[in-house]
Number of protein chains: 2
Amino acid sequence: MMLDNLRGMAVFASVVGHGSFSGAARQLGITTSAVSQQIRSLEKDLGVVLLHRSTRKLSLTEAGASFYESAKDVVTAADQGRIKVNQLRDELAGSLRIATTPELGVNHILPALSTWMSAHDDLSIYFLADNHYIDMIDERADIAIRMSPQIKDSSVATYPLAEVKQMLVASPHYLRQHEKITKPKDLANHQLISIDLMKDPNTLDFSSIETGKKNRVKITSRIQTNNVFLATTLAKEGHGLVRVMSLDVQKELASGELVEVIPEYSLPHFVLYAVTLDREQQPAKITRCLEVLKKHFHAAA
Amino acid sequence: MMLDNLRGMAVFASVVGHGSFSGAARQLGITTSAVSQQIRSLEKDLGVVLLHRSTRKLSLTEAGASFYESAKDVVTAADQGRIKVNQLRDELAGSLRIATTPELGVNHILPALSTWMSAHDDLSIYFLADNHYIDMIDERADIAIRMSPQIKDSSVATYPLAEVKQMLVASPHYLRQHEKITKPKDLANHQLISIDLMKDPNTLDFSSIETGKKNRVKITSRIQTNNVFLATTLAKEGHGLVRVMSLDVQKELASGELVEVIPEYSLPHFVLYAVTLDREQQPAKITRCLEVLKKHFHAAA
DNA sequence: TACCATTACGTTAACCGTAAATATG
DNA sequence: CATATTTACGGTTAACGTAATGGTA
């Protein structure tokens, strides 16, 4: 494969298409001098005369006529490529792959994107819902939703969507039935339903909102699960306390099915991030999706 | 139509084809640095990321995958074009158009090329046999055979094939029946069969071979034609003298059907030329054909 | 560590425009 | 004479290589 004179081929195609050097020059936005030089260089390179020229008319040689077919193809393919890329860049079409956990997906991402998705039905959205870590490149994910204290991976671009409180919640019924909790120490006598998706599921690092004093409490769990929905359901039914992200229990808190335990002490905050592989040069569908997500979570906050 | 970054497209195609920048660099004979810069420039130009790269593997974006299809087409078309031109340049194939007069064609060009033609049956030869002047460009003639004292057209390349004597011939029978001819003046009492393809068909400019002295003689013609073959046939049948090119009566002179009249005086020489539109960068079939013609006529001389 | 991609920077060469010359109808 | 192509020349910029840097297995 050669890199030589691709430019010359495009110039040649234009010359033949227009039937004149000056016509081609006008189209290409260069001078006839440049056109002439390109053609000369091309002919020298190919070792063959492509077109006989008098000042008034051009005539293709046999080699020129044959070469023109390919030169046309080169230009056509190049134009095609640019057109297709422009469409993918500017239009909300093609595919958009979003990686998230099933819980976040169902409870927040899907609600956030629902109306936007139905407004753009040329866009096919694929939700990669999985609890274990996925490689964005391998899975060709355009956007990943991640929750963590901070993102360490420097090779990705991060867009914070929401600050997420961790909180300890329980059903009002459970709290009535059990010993009152006014400080972290009181938790020793309570049931913690642990979700082992989090690390150190049984360690709670409280800080007093008033004094900022830190308090580490370890609790044993009789009930464990790897599913947030299951855990909150258990809590609603009065089986114990559960540590959850505020986002995951917004409804339950609003309806009073669950209430926060010792709100005077806070657990470490998490940040919900959207992550992309690149910060710039993104197709419109990606940047627009990020905007929709940001707007949704900022409105909710 | 754009001229931008065609080179970058070819580089991109090579990168994707190889799955690595360094592989592409090796194939293209440039450094990975150059490859990286080309891809970057292309991405910036397109406003979109084409491939995600970690140092160990590459992964196409959606836009990149789409663009690759076209980039491949660009390279394929460019290669195709070069291949076809190389074939037309180096192989004796395709078409070869030779312009000549019917007489020269039948009597000399065809015999000169006959064996060469049958040795290359991929070559289709077209004889443009016509007595009036033809425009080589309009008729797409690769080679024209022309006979004249000299070629004035400076835009063509000329290859002298043979110096052609004009001579006055007659049948031995005619000469026996008529008054003897020893000097130009004696022609006044003879019949000249004139061929009006030549200009001044009735004017004969003799020069004495011995003294170089010039002698202009005008003769009236009772018999005229525009066809050399017809004229020589008439001469063979004893109808008169005829002024012909030596080339046109070689056989008859050898067999004794015709003999030269007053060989002590010569008529102006002509030169048989092959003419092409360009001197350099000619396809092999043209240069080879010229070689065959030159060899043929030089051997005959 | 070994291989790969990126980046900054200086160099080279391709590319182009101006302008004058040449050719054509 | 008007229009079109060629060519020489000089300037601009794109393209490249070197070498140093950062990542990844």
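Numbered from 1 within each chain, the chains take letters A, B, ... in sequence-line order.
Side-chain polar atoms of A:Ser14 and A:Gln27 form a donor-acceptor pair below 3.5 angstrom.
Dashed line: the shortest gap from a side-chain N or O of A:Arg53 to OP1 or OP2 of D:dA4 is not under 4.0 Å. Side-chain nitrogen and oxygen atoms of A:Arg7 include at least one within less than 4.0 Å of the OP1 or OP2 phosphate oxygen of C:dC16. Distances shown here put every side-chain N or O of B:Arg40 at or beyond 4.0 Å from the OP1 or OP2 atom of C:dT6. OP1 or OP2 of C:dT6 lies within a sub-4.0 Å distance of a side-chain N or O belonging to B:Ser36.
Taking the charged nitrogens against the carboxylate oxygens, B:Arg53 and B:Glu43 do have a contact shorter than 4.0 Å, which makes a salt bridge. A salt bridge links A:Asp45 and B:Arg82; the closest N-O separation between the charged side-chain nitrogens and carboxylate oxygens is under 4.0 Å. Here B:Lys294 does not pair with B:Glu291 in a salt bridge; the nearest charged N to carboxylate O distance is not below 4.0 Å. A salt bridge links A:Lys285 with B:Glu62: the closest approach of a Lys/Arg side-chain nitrogen to an acidic carboxylate oxygen falls below 4.0 angstrom.
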Under 3.5 Å, which protein N or O atoms sit close to an N or O of nucleotides 17-19 of chain C? Give each pair with its distance.
| unit_1 | atom_1 | unit_2 | atom_2 | d |
| --- | --- | --- | --- | --- |
| C:dG17 | OP2 | A:Thr31 | N | 2.8 |
| C:dG17 | OP2 | A:Thr31 | OG1 | 2.8 |
| C:dG17 | O6 | A:Gln37 | NE2 | 3.1 |
| C:dT18 | O4 | A:Ser33 | OG | 3.1 |

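To the nearest angstrom, C1' of D:dT3 lies 13 Å from CG of A:Leu58. For the pair A:Asn5 CG and C:dA13 C1', the interatomic distance rounds to 14 Å; values are reported in whole Å. If you measure from atom CG of A:Leu42 to atom P of C:dA14, you get 15 Å, rounded to the nearest angstrom. If you measure from atom NE2 of A:His18 to atom P of D:dT5, you get 12 Å, rounded to the nearest angstrom. In this structure, the CG atom of B:Asp135 is 12 Å from the C1' atom of C:dT24, given to the nearest Å. Computed from coordinates, the A:Lys44 NZ to D:dT6 C1' distance equals 16 Å when rounded to whole Å. Look at CG on B:Asp4: it is 13 Å from P on C:dC15, rounded to the nearest Å. Separating the CD1 atom of B:Ile39 from the P atom of C:dA5 is a distance of 11 Å, rounded to the nearest angstrom.
Within a 6.0 Å sphere centred on CD of B:Glu280, other residues, nucleotides and ligands contribute 12 heavy atoms or fewer.
Considering only the side chain of B:Phe21, C:dT6 comes nearest among C:dT6, D:dT5, C:dC15. Of the candidate nucleotides C:dC15, C:dA5, C:dT7, C:dA5 has the atom lying nearest to any side-chain atom of B:Ser22.
Note on B:Ser41: nothing from the nucleic acid sits closer than 4.0 angstrom, heavy atoms only.
For the residue pair B:Ala13 and B:Lys72, the shortest heavy atom distance occurs at CB-N, 4.2 Å.
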